[in-house]
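Everything on this sheet refers to the single structure shown next.
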Number of protein chains: 2
Amino acid sequence: MDLNKKERIIFSAIKLFNKNGFHATPTSKIAKKAKVSVGTLFNYFKTKDDLIKEIYLYIKYHSKEVFLNHLENKPTYHDKLQSMWCAVIQWGIDNPEEFQFLEMFNTSPYKFQIQEERLLEEYNQLRETIIEVITPNSVCLKNPDYTLMYIDNAMHAATRFLLNNHIKDVRSFEQSSFELFWYGFKPSVQ
Amino acid sequence: MDLNKKERIIFSAIKLFNKNGFHATPTSKIAKKAKVSVGTLFNYFKTKDDLIKEIYLYIKYHSKEVFLNHLENKPTYHDKLQSMWCAVIQWGIDNPEEFQFLEMFNTSPYKFQIQEERLLEEYNQLRETIIEVITPNSVCLKNPDYTLMYIDNAMHAATRFLLNNHIKDVRSFEQSSFELFWYGFKPSVQ
DNA sequence: TTTAATTTTGACTAATCAGTCAATCAAGTA
DNA sequence: TACTTGATTGACTGATTAGTCAAAATTAAA
């Protein structure tokens, strides 16, 4: 089991799926891009659907620290969220292909085929932590699961905007996008 | 040109694409579900890719009023946005299949193949209106295009949550989700 | 009713694809 | 070196698919 080879297949597949979609990306092209034979690809992944789902899990496992690491060691919950906000955006900048793949996967029917216990467990831990962080806000408490999803979505939107447009000053964008997220639309009273 | 027949094909396709994805939905199945022959399907749509893109445009044209209609006739910009917020959520509830299709299409490579002048123009008008509405907020003015996308995304997130979870009291959810959007995370000072 | 024009049909085709497997290769071992 | 084990290969296959087209059905016109 050559991990290097397996990862080469995964990364080639991510790029091709992003470019052509799941339907217009034959396994033969993935294998060619990964400099591997079709036979090898099917040694490492049972089926094409399996490959797609494994890519998702791979990215999820490799990116989850991004969330958690930045919730600790900050005094206020404003700072905790802001720190996570910036970290997620930075992850998107560093891994644009993985980011785009996640967006595509999450809106596809594959999403509902994922039932990975270990992943759910780890993310449940993340869930608890974030809920703890947002607890001081009464609105959030009404429906913590919605709030969780709302946060995740807002970070994704910011990252997507940054990736699709040419933003020169990332730091400044992180700042003002978080400000909109944090203060909302109420005209600021300053 | 039987419009009824064309719409039957479109709606059958939307449902099948949502269920199985673009790649695993043969045109033969779409035709069968629409109670039409394959030949007829290809009479109305040049290719399968063409069908997919036409569905997107169809939904866009048929849903754009939802945004605009609710920005007028409200006194404050808080009320305008809230009115739009509720209208979009209601549209999602009334048209869950169209909603899901849009989400799938928007994250797919097809998105970048759309270059419909007329649509861009109509949405540009919407863009101007919303920017006018949000102008009083200084944060939004820094990057109005981001704000626009942020609003759209937040409404989508709320709708998606409502569709994927069993929310009994829609009115109350509309209220509290908009509150989070409007006031942000800052602990309310009441 | 007859004729002409238009729409619909579905069997068919050419192309493509996921996945297989016997043969080859590479690495380790004695 | 000779043998064993496991990974790799890519030509091949059976199944599936997008799209065609000549014939049939339907509609409109005369």
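We use all heavy atoms of the structure for the numbers below, so side chains are in, but hydrogens, waters and symmetry mates are not. Chain letters run A, B, ... following the sequence lines, proteins first, then strands; residues in each count from 1. A quick note: this is a predicted structure, and the numbers were derived from the prediction, not measured.
For A:Ser37, no side-chain nitrogen or oxygen approaches OP1 or OP2 of D:dG10 to under 4.0 Å. Residue B:Lys5 places at least one side-chain N or O under 4.0 Å from the OP1 or OP2 atom of C:dT8.
Considering only the side chain of B:Pro26, D:dT17 comes nearest among D:dG19, C:dT8, D:dT17. Candidate nucleotides D:dA18, C:dT8, D:dT8 were compared by shortest atom distance to the side chain of B:Lys48, and D:dA18 ranks first. With distances taken from any side-chain atom of B:Thr27 to the nucleotides C:dG19, D:dA18, C:dT8, the minimum falls on D:dA18. Side-chain atoms of B:Val36 lie closest to C:dT9 of the nucleotides C:dT9, D:dT8, D:dA18. Listed candidates were C:dT8, C:dG19, D:dA18. Nearest to the side chain of B:Tyr44 is C:dT8. In the set C:dG10, D:dA18, C:dT20, C:dT20 carries the atom at the smallest distance from any side-chain atom of A:Phe42.
When each of B:Phe181, B:Tyr150, B:Phe99 is checked for a ring pair (Phe, Tyr, Trp, His ring centres under 6.0 Å) with B:His156, only B:Phe99 meets the rule.
Rounded to an integer number of Å, the gap from CG of A:Leu16 to P of C:dC17 is 12 Å. Between B:Lys32 atom NZ and D:dT17 atom C1' there is a gap of 14 Å when expressed in whole angstrom units. A straight line from NZ of A:Lys29 to P of D:dG10 spans 18 Å, rounded to a whole angstrom. A:Asn4 places its CG atom 16 Å from the P atom of D:dA7, with the value rounded to the nearest Å. Going from atom CG of A:Asn43 over to atom P of C:dG19 covers 14 Å, rounded to whole Å. Atom pair A:Leu41:CG and D:dA7:P shows a separation of 16 Å (rounding to whole Å applied). Taking atom CD1 of A:Ile30 as the reference point, atom P of C:dG19 lies 11 Å away to the nearest angstrom. Taking atom CZ of A:Phe45 as the reference point, atom P of C:dA18 lies 15 Å away to the nearest angstrom.
Taking the centre of each ring, B:Tyr77 and B:Trp182 come in below the 6.0 Å mark.
For A:Lys15, the NZ atom is loosely surrounded, since the number of other residues' heavy atoms within 6.0 Å does not exceed 12.
Side-chain contact, B:Tyr58 with B:Glu98: no donor N or O sits under 3.5 Å from an acceptor N or O. Of the N and O atoms on the side chains of A:Ser177 and A:Trp85, at least one donor lies less than 3.5 Å from an acceptor on the other residue.
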